[in-house]
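Data first, discussion second: the structure below is written as structure tokens.
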Amino acid sequence: MWQDHILTPTGLAVTDKGDVYVASLFGGEILKFNSEGDRSHFLTVNMPADVEFRAGDVFATVDALVGVSDPEAPAAPMTKPGGRLIEVDLH
């Protein structure tokens, strides 16, 4: 089945045409499943956390865990959390 080998799916978006985009956090990519269920690689990004479809564009939160300190590490000042928003125009 197509859900095999999706590493940590953390977000998905469905387009008006029925295509589904899935953020694979530790897979480092956004996958696309068309309305027939065929899987394809859409975009390579670093740590995508979520994906959204709006007005013909795909938006994704990437670099989601950059700057997060390890809870098992010795006490240290917390670094500023990472994360940024990107936009891909599908037109």
Side-chain angles (χ1 to χ4, degrees):
M1 191 85 192
W2 56 258
Q3 75 268 20
D4 293 339
H5 309 293
I6 300 175
L7 298 174
T8 318
T10 54
L12 66 86
V14 181
T15 70
D16 299 333
K17 296 179 182 178
D19 297 333
V20 177
Y21 292 85
V22 178
S24 176
L25 182 67
F26 294 119
E29 66 181 333
I30 297 173
L31 301 166
K32 177 184 176 184
F33 298 88
N34 67 20
S35 57
E36 281 82 46
D38 299 320
R39 173 184 172 160
S40 63
H41 171 80
F42 176 67
L43 186 65
T44 299
V45 291
N46 186 50
M47 295 196 165
D50 202 3
V51 63
E52 176 70 32
F53 178 77
R54 292 276 168 125
D57 295 339
V58 172
F59 295 86
T61 304
V62 299
D63 298 329
L65 298 180
V66 175
V68 175
S69 53
D70 180 355
E72 301 296 320
M78 180 66 169
T79 58
K80 188 173 167 182
R84 61 190 176 95
L85 181 68
I86 62 169
E87 177 181 2
V88 179
D89 184 357
L90 296 181
H91 300 306

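Values below: all heavy atoms of this structure, side chains included; hydrogens, waters and symmetry mates excluded.
- Closest approach of Ile30 to Pro48, counting heavy atoms only: CG1-CB, 4.2 Å.
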* Determine, stepwise, if the pair Met47 / Leu25 fulfils side chain to side chain contact (heavy atoms under 4.5 Å, CB included). => CA-CA 5 Å; Met47 295 196 165; Leu25 182 67; 3.9 Å; yes
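- The CG atom of Leu7 sits 5.0 Å away from atom OG of Ser24, with the distance rounded to the nearest 0.5 Å.
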* Would you check, one step at a time, whether the test side chain to side chain contact (heavy atoms under 4.5 Å, CB included) holds for Lys32 with Val58? => CA-CA 11 Å; Lys32 177 184 176 184; Val58 172; over 6 Å; no
Got a list of side-chain donor-acceptor pairs under 3.5 Å for residues 11-22, not counting sequence neighbours?
from	atom 1	to	atom 2	distance (Å)
Thr15	OG1	Lys17	N	3.3
Thr15	OG1	Gly18	N	3.4
Thr15	OG1	Asp19	N	3.1
Asp19	OD1	Ser35	N	3.2

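- For the atom pair Phe42 CZ and Leu90 CG, the distance stands at 5.0 Å (nearest 0.5 Å).
- Results of the side-chain contact (heavy atoms from CB on, under 4.5 Å) test with Val45 over Asp63, Val88, Ile86, Val51 single out Ile86 as the only residue that passes.
- Partners of Asp89 according to the side-chain hydrogen bond (donor to acceptor under 3.5 Å, both in side chains) rule, which considers only residues two or more places apart in sequence or in another chain, do not exist here.
- Nearest heavy atom pair, residue Ala64 against residue Ala49, reads CB-CB, 3.4 Å.
- Applying the side-chain hydrogen bond (donor to acceptor under 3.5 Å, both in side chains) criterion to Thr44, with sequence neighbours excluded, gives His41.
- Between the side chain of Thr61 and the backbone N or O of Asp50 there is no donor-acceptor pair closer than 3.5 Å.
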